[in-house]
Novice: 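One structure, as structure tokens, below. Some questions next.
Since this is a predicted model, take the numbers as computed values, not measurements. Start at 1 and go down the list; that is how both ligands and their atoms are numbered.
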Amino acid sequence: MNYFSDDSKYIANTYKRFGVVLTHGKGSKVYDADGKEYIDMASGIAVNTFGIADEKWISAVNEQVGKIQHASNLYYTEPQIKLSKMLCEKAGMKKVFFSNSGAEANECAIKTARKYADMKNPDKKVILTLINSFHGRTVTTLTATGQDKMHVSFGPFTEGFRYIPANDIEAFRAEIAKGDVCAVMFELVQGEGGVLPLEKAYVDELVSVARENDILVIVDEVQTGNGRTGEMYCYKNFGFTPDIVSTAKGLGGGLPIGATMFSEKTENVLTAGDHGSTYGGNPICAAGAVSIVERLDAELFAEVKKKGEYIKEKLITFDGVKSVSGMGLMMGIETEKPAPDCIKACMDNGLLVISAKEKVRLLPALNISWEDIDKALEIMKDAFKN
Ligand SMILES: *Cc1c(COP(=O)(O)O)cnc(C)c1O
């Protein structure tokens, strides 16, 4: 089988892939079709929360596969209900809607904000998002995504979105002064945008101004969620509770699941028939997610923070590293050499890392061992230097 030529012949050309075929792995070790070993600091883009072929996740998924693989949302299924309770308790939210991806979780958040506005003041329908944000690839979540570059060729777009620069509270005030804004939606650490955390003072003020003006605060935790930043959700690092939270990526530990969570203010906005998903909260994905979420606890979060700090402290001393940004085990490295060259050098030497804009991005499994961290750091030290 010729992987590369068959891929380019039969698969739509939407991905610029690294020239490696991954076949299997264990924890933070992954192997390619030639048997070469890599330390995995990509986790399938923050998805494989406890690494590859994690035993607890495998048994949870396997057990569910043998019971019922799908039921549709016309019926109750146990894993979905179990997961919803666990998530709401850990997130401090009231209700959850399950879907299959980050984009869908955001679509649901957007629909909810629009309906909330409709119930209260139909003249206020605009949703503000941040410049340089990323919210997904569907037409509406692409519209929400504040990056002109990604909009080329795909218009006309969904109406009712405007963009504001991050960390500029006056820009936010100016937009809401127009009187038509119902919600503001943002990532607390812009992932695809270059692993850029928002400033705490800005977030504090944004949330308080939004509250004063009955503007819904929607936080996109698709990438930052599920322990990634050393808290269950990143808003815990910032000390507030959003009105709507979306998440996906790490939630399923490798199976597709998205979740949109609602606070007391928004829990009853959507009613029967307003929204749905055939696969949403599928029992296999939900069972896998339960096995992930039940392990997201204070002890793990402390470990994630400790490992993140350790990696950051080391990286910043390396030759060829200009800066390191991020939170917990979500990091962006500004290198002197172009990021693609650094990533290639890492791969050649047995380490998988990815990019975010002009940076090298690290998203290791939350349980990556100290030994693998040290090995990965050695490889990066070599790969980044001029
Ligand atoms: C990945 C990502 C999305 C989109 O998720 P998909 O599962 O690819 O649809 C949305 N928002 C953020 C912040 C993301 O990182």
Novice: Could I get the full list of salt bridge (charged side-chain N to carboxylate O under 4.0 Å, His left out) partners for K385, not counting sequence neighbours?
Specialist: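 With sequence neighbours excluded, K385 shows a salt bridge (charged side-chain N to carboxylate O under 4.0 Å, His left out) to D382, given in chain and number order.
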Novice: Please list the nearest protein heavy atom to atom 9 (O) of ligand 1 with its residue and the distance rounded to 0.1 Å.
Specialist: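 Its nearest protein heavy-atom neighbour is A103 N, 2.8 Å.
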Novice: Report the hydrophobic cluster partners of I81, with the cluster defined as I, L, V, M, F, W, Y residues connected by side-chain heavy atoms closer than 4.5 angstrom, directly or transitively.
Specialist: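 ILVMFWY cluster around I81 also holds Y76.
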Novice: Using a heavy-atom cut-off of under 4.0 Å, does the side chain or the backbone of E187 touch ligand 1, or both, or neither?
Specialist: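 For E187, the contact with ligand 1 is made by the side chain alone.
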Novice: Short question: side chain of W57, backbone of G252 - any donor-acceptor pair under 3.5 Å?
Specialist: yes
Novice: Measure the distance from atom 2 (C) of ligand 1 to every protein heavy atom, then report the residue, atom name and distance (to 0.1 Å) of the closest one.
Specialist: K249 NZ, 2.5 Å
Novice: Are the side chain of S355 and the backbone of V360 linked by a donor-acceptor contact shorter than 3.5 Å?
Specialist: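 Between the backbone of V360 and the side chain of S355 there is no qualifying donor-acceptor contact (under 3.5 Å).
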Novice: Among all the protein's non-hydrogen atoms, which is closest to atom 5 (O) of ligand 1, and how far away is it?
Specialist: G102 CA, 3.3 Å
Novice: Taking both backbone and side-chain atoms of F134, is any N or O found less than 3.5 Å from an N or O belonging to ligand 1?
Specialist: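 Yes.
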Novice: For ligand 1, is any non-hydrogen atom under 4.0 Å from A248's backbone (N, CA, C, O), its side chain (CB onward), both, or neither?
Specialist: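 None of A248 does.
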Novice: For the pair T129 (side chain) and A144 (backbone), establish whether a donor and an acceptor sit closer than 3.5 Å, ignoring hydrogens and angles.
Specialist: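 Here the side-chain-to-backbone pair exists.
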Novice: Mark up the atoms of ligand 1 that fall under 4.0 Å of a heavy atom belonging to D220, in ascending order.
Specialist: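 The list of qualifying atoms is 10 (C), 11 (N), 12 (C), 13 (C).
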Novice: Between D118 and P122, is there a donor-acceptor pair closer than 3.5 Å when you use the side chain of the first and the backbone of the second?
Specialist: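 Such a contact is absent between D118 side chain and P122 backbone.
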